[in-house]
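Working notes for the structure below.
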Amino acid sequence: MALSADGTITIANAAAARLFGFPRGELAGRNYRKLLAAGFGDDVDRLLRRIILEPGGYPPPQEVRGLRRDGTEFPAEVACSLVPSGGRDHAPGQAGQAGHDDGIPAGTRLLLSVRGTSHRQAADADLREAMSLLTATLESTADGILVMSSEGHVAGYNDQFLTMWNIPAELLKGDSEEPVMRLIVSQVADPIAFMARLTELEEDPEAESHDVLDFKDGRTFERYSRPQRVGENVVGRVWSFRDVTPRRKAQEQAQQAMLDLAAQAEKLRAMAFQDPLTGLANRAVFNDALAESLQEPRLKAVDVLLLDLDDFKEVNDILGHQAGDDMLVEVARRLRGCVPTADVVARLGGDEFVVLLTACPDADEIAACIVRCLHVPLTINGAVLRPSLSLGLASLAQDSVGPSELLRQADIAMYAAKAAGKNRFLRFHPDMMTALVQRTDMESALQLAVPRGQISVDFQPIVSHRMGQVVKFEALARWDRGGERIPPSIFIPLAERTGSSTKSARR
């Protein structure tokens, strides 16, 4: 629309007529202020005066409310300009000429351009709704979000980001991002690696990243980043931070629980197959190994060496059980060193140990070596002790025997070695079985000898050569068993060993 100096419309095009709802011919002659809602006329007047005073300027458009012929209002945008005049500037039937007297430069025309902005407001409303939805989404997420421009400026963030990094909101409103960066770097456990990662991404703006940040205070964040694009152009980078400290602690607890379970399983396995004191194999392992070795026909020999410490009870009684345990540990160490090629070295219990050898060329030599090695003195709690042992050796002969029988033969040989004077070894011989049976039978009979009246006392006079007369009598125990008199040299030691009531009798 063309205007005169007093604001009268001199020319209006068809678009203006349609916008305001007037027939085209009715707009000419009207003052433009009649086409504006109340309160907007002064704003447009100032815009017109500015363009007249500054003909070469281009003032920005003015947002107004237009007024249609039917009285309805609509949003609009008003701009004005001075253009060269092509002739008379008046409404039909009305004379008038713009000139210097009305403030408009000669040879120019004042134009007022009005554009409806209803469509723009609808778009702005959609944009505001979208921004509101985006803001609500960003604020509702548990992740901290930070958007940085390609120039290194903060372009956006959510409150969760400030909370996670303990950043005051005022700090982000400053002119420099350096204080924020210093605060962030001061919190991470490895600042050098943190900055190196940022440098890598600055050199490769299109790269995506995912890593883990450890904090000095023990927290752990997962850090994601990806480029921010507008169309095909990268304009910045979006960072996402997620606090995974509870998850990491749960994982660490689960891993520790697995380690504890593995340790418990290993401990149970050790308890099932190892002697807890000496670390040697236990009875179950030895029995399994012995049974398996007897089923292997390719083996030339199977030898069982069973040994027992002599007078071990005295060590416990005199020095205490801890000293006894220390001795057992040392004996086990020495025994393992004596037979490095043994199939099994085991502790059966108490002070009893056993060695299993298969395909051994000289079991007797090994048995003798064990006796020598273990008889070396050792010091426990300041006391010097010399272990003594009795060892029984039993080997698989031509006749096949079972595991329990072979172990029994070694046991018989061990007791025979103990009866023969201790600190020695003896190989099993069938005669040992006969002697054992006889000894066992005699021990049983001796327990019943007194109740059955088989023990009698003979008094032997003792004569003094100087006085030539009897001065005292010696009481001698005699055992008559089924018409057979058992010599005191046999049953007295047996009574002393078994604790029989006749052990106090004297020969």
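- Shortest non-hydrogen contact noted between Q160 and G144 is CG-N, 3.9 Å.
- Remark: side-chain polar atoms of N282 are paired, donor with acceptor, to backbone N or O of A272 under 3.5 angstrom.
- Side-chain contact check for L19 versus V114: some heavy-atom pair is nearer than 4.5 Å.
- Other residues, nucleotides and ligands contribute only 12 or fewer heavy atoms inside 6.0 Å of the CD1 atom of I192.
- A heavy-atom distance below 4.5 Å is found between the side chains of E177 and H153.
- Counting heavy-atom neighbours within 6.0 Å of R197 CZ, excluding the residue itself, gives a total above 12.
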- Would F286 and F273 count as a ring pair (Phe, Tyr, Trp, His ring centres under 6.0 Å) if you check the C-alpha gap in whole Å, the side-chain angles of each, and the deciding distance to 0.1 Å? CA-CA 9 Å; F286 171 78; F273 300 108; over 10 Å; no
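- Not one N or O on the side chain of D143 forms a donor-acceptor pair closer than 3.5 Å with the backbone of W239.
- No donor-acceptor pair closer than 3.5 Å links the side chain of N287 to the backbone N or O of L290.
- Atom CD1 of residue I9 and atom CG of residue L112 lie 8.0 Å apart, to the nearest 0.5 angstrom.
- Between the K216 side chain and the D190 main chain, no donor and acceptor come within less than 3.5 Å of each other.
- A donor-acceptor contact under 3.5 angstrom links the side chains of Q322 and D326, judged on distance only.
- Checked by atom type and distance alone, the side chain of D303 never pairs as donor or acceptor with a backbone atom of A363 at under 3.5 Å.
- The CD1 atom of I366 sits 5.5 Å away from atom OG1 of T341, with the distance rounded to the nearest 0.5 Å.
- One side chain, T358 or D343, offers a donor N or O that lies under 3.5 Å from an acceptor on the other.
- Ion pairing of K313 with D317 is present here, as a side-chain N (NZ or NE/NH1/NH2) and a carboxylate O approach within less than 4.0 Å.
- A distance of 6.0 Å or more separates the ring centres of Y157 and F241.
- Rounded to the nearest 0.5 angstrom, L27 CG and T8 OG1 are separated by 12.5 Å.
- Ring pair F221/W165: centre-to-centre distance below 6.0 Å.
- Distance alone, capped at 3.5 Å, is enough to place a donor-acceptor pair between the R283 side chain and the L348 backbone.
- Side-chain atoms of N233 never come within 3.5 Å of backbone atoms of V235 as a donor-acceptor pair (strictly under, hydrogens ignored).
- By the 6.0 Å and 45° rule, R219 stacks over the aromatic ring of F215.
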- Message: For L328 and F312: C-alpha separation, side-chain torsions, deciding distance, then whether side-chain contact (heavy atoms from CB on, under 4.5 Å) applies.
- Response: CA-CA 10 Å; L328 292 175; F312 177 72; 3.7 Å; yes
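- Between C369 and V339 there is no side-chain heavy-atom pair separated by less than 4.5 Å.
- Note on E365 versus R372: salt bridge recorded, some NZ/NE/NH1/NH2 to OD/OE distance being below 4.0 Å.
- For the pair L35 and M1, the tightest heavy-atom approach, listed with the atom from each and the gap, is CD1-SD, 4.1 Å.
- A donor-acceptor distance shorter than 3.5 angstrom exists from the side chain of S150 to the backbone of G236, with no hydrogens or angles considered.
- With contacts defined as side-chain heavy-atom distances shorter than 4.5 Å, the pair V304/L393 does not qualify.
- Among all heavy-atom pairs drawn from V185 and M195, the shortest one is CG2-SD, 3.7 Å.
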- Message: Checking L389 against D308 for the side-chain contact (heavy atoms from CB on, under 4.5 Å) test, could you report, in this order, the C-alpha distance in whole Å, the side-chain angles of both residues, the deciding distance, and whether it holds?
- Response: CA-CA 6 Å; L389 63 97; D308 179 270; over 6 Å; no
- Message: Applying side-chain contact (heavy atoms from CB on, under 4.5 Å) to I380 and M327, what does each step give before you reach the verdict?
- Response: CA-CA 8 Å; I380 297 179; M327 175 176 276; 3.8 Å; yes
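- When all heavy atoms of E405 and V401 are compared, the pair lying nearest together is CG-CB, 4.0 Å.
- L391 is not listed as a side-chain neighbour of L306, based on a closest heavy-atom distance of 4.5 Å or more.
- A salt bridge links R33 to D42: at least one charged side-chain nitrogen sits closer than 4.0 Å to a carboxylate oxygen.
- Salt-bridge annotation for R333 and E330: present, with a side-chain N of the basic residue lying under 4.0 Å from a carboxylate O of the acidic one.
- At distances below 3.5 Å, at least one donor-acceptor pair connects side-chain atoms of R237 with backbone N or O atoms of P205.
- There is no side-chain donor-acceptor pair under 3.5 Å between T278 and R347.
- Scanning all heavy atoms of the two residues, the minimum distance from M414 to L307 falls at SD-C, 3.7 Å.
- Atom CE of residue M181 and atom CD1 of residue I184 lie 5.5 Å apart, to the nearest 0.5 angstrom.
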- Give the intermediate values and the outcome of salt bridge (Lys or Arg N to Asp or Glu O under 4.0 Å) for residues R229 and E206. CA-CA 9 Å; R229 300 179 184 275; E206 298 197 8; 3.8 Å; yes
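- In this structure, the separation between CG on N316 and NE2 on H321 is 5.0 Å, given to the nearest 0.5 Å.
- Rounded to the nearest 0.5 angstrom, T72 OG1 and R65 CZ are separated by 9.5 Å.
- Remark: the backbone N or O of I145 is paired with a side-chain donor or acceptor of N158 at under 3.5 angstrom.
- In this structure, L385 and L319 have side chains that are in contact, with non-hydrogen atoms separated by less than 4.5 Å.
- Residues Y224 and E208 are not in side-chain contact: their nearest non-hydrogen atoms beyond the backbone lie 4.5 Å or more apart.
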- Task: Determine, step by step, whether D260 and Q256 satisfy the side-chain contact (heavy atoms from CB on, under 4.5 Å) criterion, reporting the C-alpha distance in whole Å, the side-chain angles of both residues, the deciding distance to 0.1 Å, and the verdict.
- Result: CA-CA 6 Å; D260 293 343; Q256 186 60 48; 2.9 Å; yes
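- Classification of R69 and E26 as a salt-bridged pair holds, one side-chain N sitting under 4.0 Å from a carboxylate O.
- Across L280 and R336, no two heavy atoms sit closer than the pair CD2-NH2, 2.9 Å.
- In this structure the side chain of V212 never reaches within 4.5 angstrom of the side chain of R223, judged on heavy atoms.
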